[in-house]
Amino acid sequence: MLEILYFASFREVLGKAQEELPVENYKTVECVLKDLAGRGEAWQQALKDNANLQIAVNHSVATRQTELNPGDEIAFFPPVTGG
Amino acid sequence: MLEILYFASFREVLGKAQEELPVENYKTVECVLKDLAGRGEAWQQALKDNANLQIAVNHSVATRQTELNPGDEIAFFPPVTGG
Amino acid sequence: MSLYSFVKVQVEDFDLSTEVKILRTGHKDIGAVVSFVGTVRDINEGDDISVLELEHYPGMTEKALENIRLEAHERWPLQSSLIIHRIGEMQPCDQIVLVAVTSRHREAAFEAAHFIMDYLKTNAPFWKKETFPNGETRWVDARVTDKEAETRWLK
Amino acid sequence: MSLYSFVKVQVEDFDLSTEVKILRTGHKDIGAVVSFVGTVRDINEGDDISVLELEHYPGMTEKALENIRLEAHERWPLQSSLIIHRIGEMQPCDQIVLVAVTSRHREAAFEAAHFIMDYLKTNAPFWKKETFPNGETRWVDARVTDKEAETRWLK
């Protein structure tokens with residue numbers, strides 16, 4: 001399984017804070033994004049064409065090309081605004 | 001009269017924190033320094049040949065060329081080391 | 001994990017003097033303490049703010065903050081450093097974040113505190129949501145100037 | 001003179017939190033508070049220090065500090081600022097000086113606090129005298145690096 005997390009505006013727009021996905025189908029983050037983007041317009045806008053999309057895998061900054069392993073935690077969120 | 005003040009190492013070396021001098025004889029700070037330097041070797045070293053000599057007239061940074069008026073307060077001290 | 005951690009993500013407010021005192025304890029030869037406190041402004045981009053909500057990514061946030069702190073210790077000769085970032089709901093004037101560093105001399109302390117804040121702004125997973133007096137909400141946009149500030153420290 | 005002066009030369013110690021709270025009072029739209037605390041180091045140029053004595057030039061010192069403070073307000077958009085400098089006898093670890101500034105954004109606050117400290121170091125008439133464990137004393141020499149730090153701010 002893969003653990004998927006959504007934060008801030010992504011969580012609100014997608015109506016979901018987390019979910020689990022079967023790992024077998026996904027070699028890289030890009031594969032996950034492609035699949036999720038097929039869920040509808042909100043998903044496509046947030047995950048496919050969004051220059052603001054930030055990605056983390058296992059608490060480290062990642063890219064669409066980052067490779068995945070079973071049990072990985074993947075997070076999607078907008079640019080950070082703390083401090 | 002002129003009010004003369006000595007601070008820090010200058011006060012210790014010259015053995016004096018303040019004194020008054022008659023104003024008539026002194027047009028500029030240089031004139032005061034020349035006169036005081038004649039008091040002996042400690043005075044000469046501190047006031048004549050000392051690149052570390054700092055001068056203030058009436059609480060503002062001054063130079064040897066600063067002109068004096070009756071009642072002025074003149075201070076001699078080493079480079080500052082606060083903070 | 002040491003007994004006293006130098007990265008704290010917490011709901012509770014903090015006291016500047018208390019934290020600085022702890023930070024100095026046990027360190028010799030400290031001559032300079034620089035601290036930054038970020039506070040909730042009552043106005044942002046021209047609009048009145050009544051509530052600010054801070055969301056974070058538990059686990060990743062602490063790791064990101066600790067990495068920034070360790071990077072500062074690699075770049076400057078620091079004796080100690082501390083980052084506290086609050087989460088949850090805050091009102092105008094509330095304290096949001098504290099960064100404090102100690103060093104022998106002021107140059108390193110000023111630079112390191114500034115560096116930590118600039119990197120925190122663009123690298124630590126926190127998100128701000130504003131609530132206006134009429135009840136409407138807005139996620140705060142990332143500022144271009146924050147990204148520019150970060151580039152100043154590129155080696 | 002206003003009721004609350006933003007330049008204080010005093011024998012008494014100060015509390016960082018208390019001073020910052022006063023500094024923020026009555027000012028809207030503050031987002032950043034940067035403070036610097038200078039402390040007595042227990043070692044200077046390799047020698048143990050047991051007492052540090054601070055001498056100043058009453059009247060000129062306050063004027064010099066106020067001029068530096070006002071210059072910072074001219075250069076950066078600050079909401080408020082404060083300089084406290086202690087005089088008299090101090091021991092290692094004691095607080096000597098506090099500089100605190102508030103601003104809307106952190107950049108101005110960091111720069112202004114750093115500027116005030118750099119200028120204070122070379123322009124405010126204070127002198128330090130160290131006493132060693134054996135009772136001998138030494139006037140602290142001005143540091144070349146302090147003079148260099150000042151030139152960074154020349155316009």
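In the text below, chain A, chain B and the rest are named by the order of the sequence lines, each starting its count at 1. Heavy atoms only: backbone and side chains are in, while hydrogens, waters and symmetry mates are out.
- Classification of the C:W127-A:F7 ring pair by plane angle, with boundaries at 30° and 60°, yields parallel.
- Contact annotation for A:E12: only side-chain heavy atoms (C-beta onward) come within less than 4.5 Å of a heavy atom of chain C.
- More than 12 heavy-atom neighbours from other residues, nucleotides or ligands sit within 6.0 angstrom of CD on A:E3.
- Closest approach of C:M60 and A:A56 over heavy atoms only: SD-CB, 3.5 Å.
- Note: C:E55 leads C:K63, C:E55, C:H56 in heavy-atom pairs under 4.5 Å with chain A.
- Summarising the local packing, CD of A:E41 is surrounded by 12 or fewer heavy atoms from other residues, nucleotides or ligands at distances under 6.0 Å.
- Here the shortest heavy-atom pairing between C:K128 and A:T81 reads N-OG1, 2.9 Å.
- Scanning both residues, A:G83 and C:V97, for their nearest heavy atoms gives C-CG1, 3.7 Å.
- Pairing each heavy atom of C:Y57 with each of A:A75, the nearest pair is CE1-CB, 3.3 Å.
- When C:A64, C:G38, C:A124 are compared by the number of non-hydrogen pairs under 4.5 Å with chain A, C:A124 comes out ahead.
- If you measure heavy-atom distances from A:N52 to chain C, you find no contacts under 4.5 Å at all.
- Residue C:D146: no heavy atom, backbone or side chain, is found under 4.5 Å from chain A.
- Here the closest non-hydrogen pair linking A:V80 and C:P125 is CG1-CA, 3.5 Å.
- For C:N67, no part lies under 4.5 angstrom from a heavy atom of chain A.
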